[in-house]
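Following: one structure in structure tokens, then a few remarks.
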Amino acid sequence: MAGGATLLCALLLLVQAGAGLVITVQSNSSSDFLVGRNINLSISYTSSQNASVSWSKDNVLLVTWYNVIINQAPAYQGRLDITGKGSLVISNSTTNDAGNYTVRVESFADTTGTMMFPVKIYDPVTNASVSQSPSSADESTTIVNLSCSAASGGVTYTWTKEGKSLPGNSSYVILDGGRTLQINAPNRTHNGNYTCNVSNPVDWEIATRTLNISYSDRPSSLSAGAIAGIVIGSVAGAILLIGLIILVIFCIRKRRKGKKEKNPGNLHKNALRTISGTTLSPDDPAYFTMNNIMYRNSSISMGSYIMNSGDNTSEYLRNPSPNPPPSEPKVKHATQV
Ligand SMILES: *[C@@H]1O[C@H](CO)[C@@H](O)[C@H](O)[C@H]1NC(C)=O
Ligand SMILES: *[C@@H]1O[C@H](CO)[C@@H](O)[C@H](O)[C@H]1NC(C)=O
Ligand SMILES: *[C@@H]1O[C@H](CO)[C@@H](O)[C@H](O)[C@H]1NC(C)=O
Ligand SMILES: *[C@@H]1O[C@H](CO)[C@@H](O)[C@H](O)[C@H]1NC(C)=O
Ligand SMILES: *[C@@H]1O[C@H](CO)[C@@H](O)[C@H](O)[C@H]1NC(C)=O
Ligand SMILES: *[C@@H]1O[C@H](CO)[C@@H](O)[C@H](O)[C@H]1NC(C)=O
Ligand SMILES: *[C@@H]1O[C@H](CO)[C@@H](O)[C@H](O)[C@H]1NC(C)=O
Ligand SMILES: *[C@@H]1O[C@H](CO)[C@@H](O)[C@H](O)[C@H]1NC(C)=O
């Protein structure tokens, strides 16, 4: 029995020695770090024996650890430490600490395990701001740009309007790697608060700007009916105005003429031309009417003229009677005007 137990033990030892573990390194660490903070690359693994852990950066050895730090690169004196079973901590990081970090975990009995960390060091995001170009715009502006910037740390730029993501299929166009939000043919519906989130994997900052596309409520274009109405109205107005001017000129001329008629210098001539129905008053005792023509007394000479005896009218010559002609004188009426 004892020999059998010994054999079993020997066999077990043989199996263990011959079938050493494949060391698998695992980590839940991010490779992204903020400048000035600690770089912390934590690892876990299983091995059949105590393993030694070595860290290198870009193929340059930083540190070797076997329960304690055995050696480390002089440049990292005071900044570098190993915690747990081989996790790396580098304090007060700078951008120079970025690079590919590789860990090797090895033991005599096991197959060596490795893992690589592409470490990136980011500046904190500072002074994020949004600017607008052109700085003022209305609904006739063809393009408005909202541009996001930060003094440091900007890697990713995302835009929201009133806290909601922008509709993907619209007048919004993202340019310059997200820094520029271009709005084509902006109108009042685009007004609102636009927020830019400037971020990197370890830091972010937001900046907000209010877009104000000004507009007037006056309709930008008139209907055909309105245009026709305006044209017709204008023409009618012009015609009315011209008519009014002609009427005024006519009235003025008429009034001047009326004044002239009252002018005594021209009265004689005018009186002869005056037909009944004119403005001359028939009640005026200075006027009288004959054959529907109005005359003025003072300007007309009227009377009876006695013919003399030496009258040689044909009537007198054809009647050579001995009797003297009747003594009654021949009267001839004449009107001199
Ligand atoms: C990573 O895992 C360790 C334990 O293995 C745990 O203490 C630590 O909180 C974890 N870190 C993260 C960021 O999950
Ligand atoms: C690391 O930064 C801390 C403050 O965060 C400071 O107190 C310390 O002196 C710095 N160490 C080195 C080595 O620069
Ligand atoms: C950030 O902005 C502040 C004031 O707004 C200014 O004093 C500071 O210099 C700016 N920082 C950088 C890095 O531009
Ligand atoms: C808007 O931004 C784009 C891209 O940077 C640029 O080409 C364009 O000239 C800008 N337009 C205005 C009005 O600023
Ligand atoms: C919206 O996007 C779809 C495809 O993504 C495209 O077919 C369509 O023309 C777009 N519509 C407008 C108004 O841009
Ligand atoms: C404003 O612009 C959007 C997108 O270009 C368009 O769908 C909408 O009809 C416009 N609204 C007005 C009032 O012009
Ligand atoms: C800004 O973006 C970062 C990275 O995506 C995110 O973690 C953060 O919550 C965002 N901030 C806001 C206010 O949306
Ligand atoms: C937008 O601008 C117009 C003038 O350009 C101004 O009258 C109006 O108050 C502004 N609106 C807002 C919300 O700032």
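The model shown is predicted, which means the values in this text are computed figures rather than measured ones.
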So, R79 side chain and Y76 main chain: donor-acceptor pair closer than 3.5 Å or not? no
Shortest non-hydrogen contact between V125 and A150, atoms and distance: CG1-CB, 4.2 Å
Judged by modelled atom types alone, do S140 and D138 share a side-chain donor-acceptor pair under 3.5 Å? yes
Should F33 and I82 be regarded as members of a common hydrophobic cluster, given that ILVMFWY residues are connected when their side-chain heavy atoms come within less than 4.5 Å of each other, either directly or indirectly? yes
Interatomic distance, H190 atom NE2 to N184 atom CG [nearest 0.5 angstrom]: 8.5 Å
Could you give me the CA-CA distance, side-chain angles and deciding distance for N145 and S147, then say whether side chain to side chain donor-acceptor pair (under 3.5 Å) is met? CA-CA 6 Å; N145 280 352; S147 297; 5.1 Å; no
Run S54 and V103 through side chain to side chain contact (heavy atoms under 4.5 Å, CB included) and show every step you take. CA-CA 6 Å; S54 61; V103 62; over 6 Å; no
Spacing of D97 atom CG and T95 atom OG1 [to the nearest 0.5 Å]: 8.0 Å
Heavy-atom check, side chain of T114 versus side chain of V105, under 4.5 Å: no
Side-chain donor-acceptor pair under 3.5 Å between T160 and S165, yes or no? no
Backbone N/O of D203 and side chain of N200: donor-acceptor pair under 3.5 Å: yes
Is the distance from the ring center of F117 to that of W55 below 6.0 Å? yes
So, for T102 and M116, which heavy atoms are closest and what is the spacing to 0.1 Å? OG1-CG, 3.6 Å
Would you call K164 and E162 a salt bridge, taking side-chain N to carboxylate O under 4.0 Å as the test? no
Has the side chain of N38 got a donor or acceptor atom that lies under 3.5 Å from a matching backbone atom of N40? no
Exercise: identify the closest heavy-atom pair between I39 and I121: CD1-CD1, 3.8 Å
Would a single hydrophobic cluster contain both I206 and L181, if residues Ile, Leu, Val, Met, Phe, Trp and Tyr are joined by side-chain heavy-atom contacts under 4.5 Å? no
At their closest point, which heavy atom of Y157 faces which heavy atom of G178, and how far apart are they? CB-O, 3.4 Å
Do I70 and V63 come close enough that some side-chain heavy atom pair is under 4.5 Å? no
Do the non-hydrogen side-chain atoms of D81 and W65 ever get within less than 4.5 Å of each other? no
Is D58 atom CG crowded by more than 12 heavy atoms from other residues, nucleotides or ligands, each under 6.0 Å away? yes
Exactly one candidate in T210, T208, I183 meets side chain to side chain contact (heavy atoms under 4.5 Å, CB included) with Y194; the answer is I183
If you take all heavy atoms of S91 and G78, which pair is closest and at what distance? OG-O, 4.3 Å
Nearest 0.5 Å, please: how far is CZ in R209 from OG1 in T195? 12.5 Å
d(N191 CG, L211 CG) to nearest 0.5 Å is 5.5 Å
Is there a chain of hydrophobic side chains (I, L, V, M, F, W, Y, each step under 4.5 Å between heavy atoms) that links W204 to V198? no
Taken to the nearest 0.5 Å, the spacing of K120 NZ from S30 OG works out to 9.0 Å
Under 3.5 Å: donor-acceptor pair, side chain of Q132, backbone of L146: no
Heavy-atom side-chain proximity of I23 to T112 below 4.5 angstrom: no
Would you please say whether a donor-acceptor pair under 3.5 Å links the side chains of S47 and S107? no
Taking the side chain as everything from C-beta on, heavy atoms only, tell me whether S199 gets closer than 4.5 Å to T158. no
Are side-chain N/O atoms of D110 and S48 paired as donor and acceptor at under 3.5 Å? yes
Straight-line distance of E106 CD to Y66 OH, nearest 0.5 Å: 11.0 Å
Measure from NZ or CZ of K85 to the centre of the six-membered ring of Y45 and say whether it is under 6.0 Å with the direction within 45° of the ring axis. yes
From the list V119, I90, V89, side chain to side chain contact (heavy atoms under 4.5 Å, CB included) with L41 holds only for V119
Do S27 and M115 have side chains that approach each other closer than 4.5 Å (heavy atoms only, starting at C-beta)? yes
For residues L34 and V155: do they belong to one hydrophobic cluster (side chain heavy atoms under 4.5 Å, members Ile, Leu, Val, Met, Phe, Trp, Tyr)? yes
Check for me whether R188 meets the cation-pi criterion with Y215, that is, NZ or CZ under 6.0 Å from the six-membered ring centre and within 45 degrees of the ring axis. yes
Would you say the side chain of V35 lies within less than 4.5 Å of the side chain of Y122, judging by non-hydrogen atoms? no
Determine whether Y101 and L62 make a side-chain contact, defined as any pair of heavy atoms from C-beta on separated by less than 4.5 Å. yes
Smallest heavy-atom separation, V144 atom then I213 atom, equals CG2-CD1, 4.1 Å
S171 (side chain) donor-acceptor with A185 (main chain) under 3.5 angstrom: no
Under a 3.5 Å distance rule, please check whether Q182 uses its side chain to pair with a backbone N or O of L175 as donor and acceptor. no
Side-chain heavy atoms under 4.5 angstrom apart, residues restricted to Ile, Leu, Val, Met, Phe, Trp, Tyr: same cluster for I69 and L88? yes
